[in-house]
Asker: 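Below is one structure. I have some questions about it.
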Amino acid sequence: RKGARMKSLWSDQEAAEHANNPIALPVYTSRLLGREPALVLHGGGNTSVMLSEQTLFGESEHLLYVKGSGWDLATIEAKGFAPVRMDTLLKLAALEKLSDTDMVRVQKAAMTDPNAPTPSVEAILHALIPFTFVDHTHSDAVVAITNTPGGEETIKKVLGERVLYIPYVMPGFALARLVYELTRDRDWSQYEGMVLQHHGIFSFAHDGRHSYEHMIRLVSAAED
C-alpha cells in the first residue's frame, strides 16, 4: 500500500439494493471489507448484526447473526451468517470458565437454524458489544503497530480516545471474558472501535455504514 490510503468504498446506490432484507446490508458491508486485502488477509475477520425476529409462536427474540466459520468476507452470502440467540451468548460471557468444546456446543445449540454454519469463535465477543453492527478485521496497519515494541502507547496516540485497547489473549472465550471484565462499567457510546493487541481491530455502530466507515477512518489513521 505504498503511497496509498484506505478510502470508503460505500455506494448509496449499491446499499439501496440491500435495503429490503435485514441480512443483506451486513452482507454488503462485509464484502466491502473483504475487497481490501490489507484488512482481511486470507479472508480473516468477522462481522455481525443484532436483530429481533418472531418465533413460530409469535414471540420476539433477540438474535446475533454472526459470520460463520469458513466463510470469506469478500464473497459471503446471507447463508454465511449464523443466527444465535443473544440471551445464550450473554449468559456464556458471564461464566468464569468455559472450555472451547463447550462454547462451540452451546453456541450451535442456541442457533435458530440448525443448517447454518458454525458461529465464529468470537460470537460471544460480538454479543458483548452493544451496537447493532459490529465489524472485525485483521488490519495490516493496526497489527504492524501493536506488534512493535511500545505498540500500545503508539496505537493509543494514533487513535486517541476513540478506541478501547485490549491486551492480547487467545481468541475465543478467554478474549470474550477479558472484554466482559474490562468493559462492564464502560460507556460504550464514547467509542468507535476496539483494538486487540497482536490481533486486529473492531468497529461498531447502530448503522451499517457508520460501522464500516469507522473501520476505514481508524485504519487510515493507523496507515498514516
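Here, residue 1 is the first one in the sequence, and each next residue gets the next number.
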Asker: Side chain to side chain contact (heavy atoms under 4.5 Å, CB included) for Met103 and Val121? Distances and angles first, verdict last.
Answerer: CA-CA 8 Å; Met103 180 185 73; Val121 296; 4.3 Å; yes
Asker: Tell me whether the rings of Trp188 and Tyr191 are parallel (<30°), tilted (30 to 60°) or perpendicular (>60°).
Answerer: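 Taking Tyr191 first and then Trp188, their aromatic rings stand perpendicular (interplane angle over 60°).
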Asker: Tell me if the NE2 atom of His62 is crowded by more than 12 foreign heavy atoms within 6.0 Å.
Answerer: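 No.
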Asker: Just by modelled atom types, is the Trp10 backbone N or O under 3.5 Å from a matching donor or acceptor in the Arg209 side chain?
Answerer: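 Not a single qualifying donor-acceptor pair exists.
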Asker: Verify, without hydrogens or angle tests, whether Ser203 (side chain) and Tyr212 (backbone) share a donor-acceptor contact under 3.5 angstrom.
Answerer: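 Checked: no pair found.
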Asker: When the ring centroid of His126 is compared with that of Phe202, is the distance short of 6.0 Å?
Answerer: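 For His126 and Phe202, the ring centres are under 6.0 Å apart.
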Asker: Of the non-hydrogen atoms in Leu90 and Leu128, which two are nearest, and what is the gap between them?
Answerer: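 Residues Leu90 and Leu128, closest heavy atoms: CD2-CD2, 4.3 Å.
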Asker: Is it the case that the side chains of Tyr165 and Glu152 hold a donor-acceptor pair, with the cut-off being a distance below 3.5 Å and no angle test?
Answerer: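 Glu152 vs Tyr165: no donor-acceptor pair found between side chains.
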Asker: Would a line drawn from the ring center of His136 to the ring center of His199 be shorter than 6.0 Å?
Answerer: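 Yes - the distance between ring centres of His136 and His199 falls below the 6.0 Å cut-off.
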Asker: As an exercise, state the distance from CD of Gln107 to CG of Leu98, rounded to the nearest 0.5 Å.
Answerer: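 One gets 8.0 Å once the value is rounded to the nearest 0.5 Å.
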Asker: Are Leu51 and Val27 linked, directly or through intermediate hydrophobic residues, by side-chain heavy-atom contacts shorter than 4.5 Å (ILVMFWY only)?
Answerer: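 In one cluster: yes.
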Asker: Go through the steps for Met50 and Leu63 under the test side chain to side chain contact (heavy atoms under 4.5 Å, CB included), then give the verdict.
Answerer: CA-CA 6 Å; Met50 293 185 193; Leu63 302 177; over 6 Å; no
Asker: Using modelled atom types only, decide if a donor and an acceptor are shared between the side chain of Glu61 and the backbone of Arg85 within a distance under 3.5 Å.
Answerer: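 Flag not set: sc Glu61 to bb Arg85 has no pair under 3.5 Å.
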Asker: If two hydrophobic side chains count as joined below 4.5 Å and joins carry through other members, does Phe133 share a cluster with Val219?
Answerer: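 Cluster IDs for Phe133 and Val219 match.
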Asker: Could you tell me which non-hydrogen atom of Ser60 sits nearest to which non-hydrogen atom of Ser52, and how far apart they are?
Answerer: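 What the structure gives for the nearest pair is OG-CB, 4.0 Å.
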Asker: Going from CG on Leu164 to CG on Leu182, what distance comes out if it is rounded to the nearest 0.5 angstrom?
Answerer: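 Spacing of CG (Leu164) from CG (Leu182) equals 8.5 Å.
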Asker: For the pair Glu36 (side chain) and Ala38 (backbone), establish whether a donor and an acceptor sit closer than 3.5 Å, ignoring hydrogens and angles.
Answerer: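 Yes.
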Asker: What distance do Glu192 atom CD and Ile201 atom CD1 have between them, rounded to the nearest 0.5 Å?
Answerer: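 Rounded to the nearest 0.5 Å, the CD-CD1 separation comes out at 9.5 Å.
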Asker: Quick check: does any side chain N or O of Thr148 sit under 3.5 Å from a backbone N or O of Gly151, one acting as donor and the other as acceptor?
Answerer: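 No; zero donor-acceptor contacts below 3.5 Å.
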Asker: Determine the minimum heavy-atom distance between Pro171 and Glu122, stating which atoms define it.
Answerer: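 Minimum heavy-atom separation between Pro171 and Glu122: CB-OE2, 3.7 Å.
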Asker: Around His18, counting heavy atoms of other residues, nucleotides and ligands shown, do more than 12 lie under 6.0 Å from its NE2?
Answerer: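 Counting other residues, nucleotides and ligands, NE2 of His18 exceeds 12 neighbours.
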Asker: Using a distance-only test with no angle check, is there a side-chain donor-acceptor pair under 3.5 angstrom linking Ser8 and Glu213?
Answerer: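 Yes, Glu213 and Ser8 have a side-chain donor paired with an acceptor closer than 3.5 Å.
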Asker: Do Leu196 and Phe204 share a hydrophobic cluster, counting only Ile, Leu, Val, Met, Phe, Trp and Tyr and linking them when any side-chain heavy atoms are less than 4.5 Å apart?
Answerer: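 Yes, Leu196 and Phe204 fall within the same hydrophobic cluster.
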Asker: Aromatic contact between Phe81 and Trp71, with the criterion being ring centroids under 6.0 Å apart: yes or no?
Answerer: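 Ring-ring flag for Phe81/Trp71: false, centres at least 6.0 Å apart.
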Asker: Can you name the salt bridge (Lys or Arg N to Asp or Glu O under 4.0 Å) partners of Glu153, sequence neighbours left out?
Answerer: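 Result, salt bridge (Lys or Arg N to Asp or Glu O under 4.0 Å) vs Glu153: none returned.
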Asker: Any idea which heavy atoms bring Val40 and Leu33 closest together, and the distance?
Answerer: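 In this case the closest contact between Val40 and Leu33 is CG2-O, 3.6 Å.
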Asker: Check the hydrophobic clustering (I, L, V, M, F, W, Y; side-chain heavy atoms under 4.5 Å; chains of links allowed) and say if Val195 and Leu175 are grouped together.
Answerer: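 Each belongs to a different hydrophobic cluster.
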Asker: About how many Å separate CZ of Phe173 and NZ of Lys97, when rounded to the nearest 0.5 Å?
Answerer: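 Interatomic distance, Lys97 NZ to Phe173 CZ, rounded to 0.5 Å: 10.5 Å.
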Asker: Are any non-hydrogen side-chain atoms of Pro119 and Lys108 less than 4.5 angstrom apart?
Answerer: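 Yes, their side chains come closer than 4.5 Å.
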Asker: Within the side chain of Arg31, is there an N or O that forms a donor-acceptor pair under 3.5 Å with the backbone of Leu73?
Answerer: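 Side chain of Arg31 to backbone of Leu73: no pair is present.
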Asker: Mind checking whether Val158 and Ile166 sit in one hydrophobic cluster, side chains of I, L, V, M, F, W, Y counted as touching below 4.5 Å?
Answerer: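 Looking at the clustering, Ile166 is in a separate group from Val158.
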Asker: Can you see which heavy atom on Met194 is nearest to which on Ile129, and at what distance?
Answerer: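 Where Met194 meets Ile129 most closely, the heavy atoms are CE-CD1, 3.9 Å.
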Asker: Would you give the length of the straight line joining atom CE of Met86 to atom OH of Tyr65, rounded to the nearest 0.5 angstrom?
Answerer: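 Going from CE on Met86 over to OH on Tyr65, the span is 13.5 Å.
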Asker: Check this for me, if you would: do Glu181 and Arg186 make a salt bridge, where the nitrogen-to-carboxylate-oxygen distance has to be below 4.0 angstrom?
Answerer: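 No, no charged N to carboxylate O under 4.0 Å.
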Asker: Under a plain distance cut-off of 3.5 Å, with no hydrogens placed, do Thr47 and Asp135 share a side-chain donor-acceptor pair?
Answerer: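 The answer is no; no qualifying pair exists.
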Asker: Between CD1 of Ile145 and CG of Asp140, what distance do you get to the nearest 0.5 Å?
Answerer: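 If I round to the nearest 0.5 Å, the distance is 11.5 Å.
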Asker: What heavy-atom pair brings Ser120 and Asn46 nearest, and what distance separates the two atoms?
Answerer: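 The answer is OG-ND2, 3.4 Å.
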Asker: Does a sphere of radius 6.0 Å around CD in Gln190 hold more than 12 heavy atoms from other residues, nucleotides or ligands, not counting ones at 6.0 Å or beyond?
Answerer: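 Yes, the 6.0 Å shell around CD holds more than 12 heavy atoms from other groups.
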